[in-house]
Engineer: 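Structure incoming, see below.
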There are 2 protein chains.
Amino acid sequence: MSRTDAPRARSSAPTSRGTATARRIESSAVALVIQHGYDATTVDMICADAGISQRTFFNHFATKDAAVIGTDVPRLDESRVRAFIAASGPNLLADAAELIALPGLDGAMDPQLMRQRMRAITSSAELMQRQLERFASIEAELAEVIEYRLARLSTPDESAAEVREQSRLTAHLLAGILRYSADALMSGDSASVPAIVAQTRDRLTALLPKLAGR
Amino acid sequence: MSRTDAPRARSSAPTSRGTATARRIESSAVALVIQHGYDATTVDMICADAGISQRTFFNHFATKDAAVIGTDVPRLDESRVRAFIAASGPNLLADAAELIALPGLDGAMDPQLMRQRMRAITSSAELMQRQLERFASIEAELAEVIEYRLARLSTPDESAAEVREQSRLTAHLLAGILRYSADALMSGDSASVPAIVAQTRDRLTALLPKLAGR
DNA sequence: AGCCAAGCTGCAGTCACTGCATAATGAATT
DNA sequence: AATTCATTATGCAGTGACTGCAGCTTGGCT
């Protein structure tokens with residue numbers, strides 16, 4: 001139990017995006033992982049199921065987990081970003097938490113596959129881990145967005161650079177919140193994603209004043 | 001460039017702790033990684049350098065990165081924990097950040113090796129990543145400690161369970177702060193660890209009131 | 001018909017890691 | 001001193017992820 005192997009850091013990005021072949025591989029991968037678990041699912045099994053060669057698999061996906069998690073870079077939702085920037089309520093952090101709600105992390109795609117994928121990912125701590133890691137790719141973007149709101153709240157003695165750093169720090173705090181939600185999602189026996197997001201938001205609202213020292 | 005392979009999730013923990021052999025392996029590993037980088041350093045190279053067989057390597061360390069990072073479980077510093085619990089200032093988060101200052105994460109050990117190890121780890125994003133992951137092992141413990149302070153600040157309508165969840169959330173926020181510091185440490189051209197910790201603390205103190213919405 | 005780029009494939013190789021079975025060492029027992 | 005036993009090291013063969021390379025196929029284009 002527990003074949004291992006396979007780090008990150010792929011060199012050249014594999015080819016296509018929306019190929020039919022790639023979709024077949026993805027759906028085979030997701031299905032098999034749900035059925036057997038991530039570790040027990042070998043690349044060869046996925047290939048057999050999708051009816052392609054191993055070499056082809058790696059022509060489409062750089063790593064085994066990429067086939068399950070998907071390759072589209074997570075992006076912040078445009079409209080939510082606008083709303084966030086425009087808003088000016090006291091709940092900056094809670095507002096921002098909405099920006100990175102788990103569902104928002106998946107690009108628009110086949111909802112059926114997305115649902116399955118969600119199941120596959122949450123079934124394996126390892127995959128969840130990798131999924132969370134991918135979040136790092138939004139952090140820079142997120143920090144930039146946060147900067148808009150934070151700039152308005154800055155005191156005169158704070159330089160622009162300082163505000164930027166505070167924004168980055170905030171983005172990291174949000175990553176922590178995301179991880180907390182992910183934890184809750186995996187350990188909590190049931191609970192839907194929206195429910196957890198809402199719960200976390202409330203919790204955060206109650207918690208922050210305590211942390212900030214009234 | 002970039003051999004990969006090697007996931008987490010080892011099954012049975014390898015043997016000894018402070019064997020002479022294990023130390024030799026560690027020091028070879030650290031030295032070679034500093035010299036060639038993590039990816040370019042193969043297990044065989046480390047074995048050759050340490051004068052042992054590959055099988056022996058894996059008898060002592062479950063994974064390649066374990067030999068570089070070390071195997072001792074990070075622990076919270078007893079005295080700092082006491083101080084934290086006893087305190088009751090307004091800066092709960094900033095206070096807690098001291099608990100997880102990077103240097104505190106390494107068990108007491110040969111300072112020479114520790115310094116080298118630090119260099120090796122910060123030289124590779126992959127290793128840094130793994131190092132940060134190990135922090136997760138303290139999170140539960142950390143959350144427990146935080147609970148002491150947080151309980152005093154709870155409102156009457158909050159259940160003990162709610163306080164516990166808030167503590168866990170706080171622990172995750174701290175993990176985010178740790179990651180921010182680690183980022184700063186790796187990107188910042190120089191800057192010592194204590195300097196970064198202090199800076200982060202100040203930044204946090206300035207930031208929190210803004211997030212909590214005064 | 002002739003050509004070209006894209007996608008698929010096999011093949012051989014590297015590297016991390018595992019199970020198993022076998023030595024070598026030394027300390028504890030008889 | 002001979003025996004037993006646990007610990008530690010080692011070889012060996014195998015699995016599984018992943019890579020580079022070279023060759024084949026296919027469909028569209030001229």
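Quick caveat: nothing in here was measured; it's all calculated off a predicted structure. Hydrogens, waters and symmetry mates play no part in the numbers below; they use all other heavy atoms, side chains included.
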Engineer: Hey, does the side chain of A:Thr42 come within less than 4.0 Å of D:dT15's phosphate (OP1/OP2), counting only N and O?
Structural biologist: no
Engineer: Rounded to the Å, how far apart are B:Asn59 CG and C:dT22 P?
Structural biologist: 17 Å
Engineer: Have a look at the helix from C:dA1-D:dT30 to C:dT30-D:dA1 and give the angle its two end axes make, five pairs each, rounded to 10 degrees.
Structural biologist: 10°
Engineer: As a test of reading the structure: which of D:dC18, D:dT10, C:dC17 is closest to the side chain of B:Ile52, going by heavy atoms?
Structural biologist: D:dT10
Engineer: Salt bridge (Lys or Arg N to Asp or Glu O under 4.0 Å) with A:Arg201: which residues, sequence neighbours excluded?
Structural biologist: A:Asp95, A:Glu98
Engineer: Whole-Å distance between C:dC15 P and B:Met45 CE?
Structural biologist: 10 Å
Engineer: Between C:dA16 atom C1' and B:Asp39 atom CG, what is the distance in whole Å?
Structural biologist: 12 Å
Engineer: Listed by chain and number, what are the side-chain hydrogen bond (donor to acceptor under 3.5 Å, both in side chains) partners of A:Ser28, not counting sequence neighbours?
Structural biologist: A:Asp49
Engineer: Separation of A:Ile46 atom CD1 from D:dA17 atom C1', in whole Å?
Structural biologist: 11 Å
Engineer: When the distance from CG of A:Asp65 to C1' of D:dG16 is rounded to whole Å, what number comes out?
Structural biologist: 14 Å
Engineer: Measure from CD on A:Glu126 to P on D:dA17 and round the result to the nearest Å.
Structural biologist: 11 Å
Engineer: Whole angstroms only, please: what is the CG-P distance between A:Asp44 and D:dT15?
Structural biologist: 11 Å
Engineer: For nucleotides 21-28 of chain D, list the nitrogen or oxygen atoms of the protein found under 3.5 Å from its nitrogen or oxygen atoms, one pair per line.
Structural biologist:
residue: D:dC21; atom: N4; partner: A:Arg55; partner atom: NE; Å: 3.4

Engineer: With sequence neighbours left out, what residues match A:Arg119 under side-chain hydrogen bond (donor to acceptor under 3.5 Å, both in side chains)?
Structural biologist: none
Engineer: Under the side-chain hydrogen bond (donor to acceptor under 3.5 Å, both in side chains) rule, collect the residues that match up with A:Ser79, sequence neighbours excluded.
Structural biologist: A:Asp77
Engineer: Which of the following nucleotides, D:dT10, C:dA16, D:dC18, is nearest to the side chain of A:Phe58?
Structural biologist: D:dC18
Engineer: Could you tell me which residues satisfy salt bridge (Lys or Arg N to Asp or Glu O under 4.0 Å) with B:Arg168, sequence neighbours excluded, listed by chain and number?
Structural biologist: B:Glu165
Engineer: For C:dG7, does either OP1 or OP2 sit under 4.0 Å from a side-chain N or O belonging to A:Thr19?
Structural biologist: no
Engineer: Does the side chain of B:His60 get closer than 4.0 angstrom to OP1 or OP2 of D:dT8 through an N or O atom?
Structural biologist: no
Engineer: Kindly write out the residues that satisfy salt bridge (Lys or Arg N to Asp or Glu O under 4.0 Å) with B:Glu141, not counting sequence neighbours, or none if the list is empty.
Structural biologist: B:Arg75
Engineer: Locate the shortest heavy-atom distance separating A:Ile146 from A:Leu174; write the atom from each residue and the value.
Structural biologist: CD1-CD1, 3.6 Å
Engineer: Rounded to the nearest Å, what distance is computed from the CZ atom of residue A:Phe61 to the P atom of nucleotide D:dG16?
Structural biologist: 21 Å
Engineer: List the atom of B:Met186, the atom of B:Thr122, and the distance in Å for their closest heavy-atom pair.
Structural biologist: CE-O, 2.8 Å
Engineer: Is the phosphate of D:dT10 approached by B:Thr56 (side-chain N or O, under 4.0 Å from OP1 or OP2)?
Structural biologist: yes
Engineer: List for me each residue that meets side-chain hydrogen bond (donor to acceptor under 3.5 Å, both in side chains) alongside A:Thr56, sequence neighbours excluded, and say none if there are none.
Structural biologist: A:Ser53
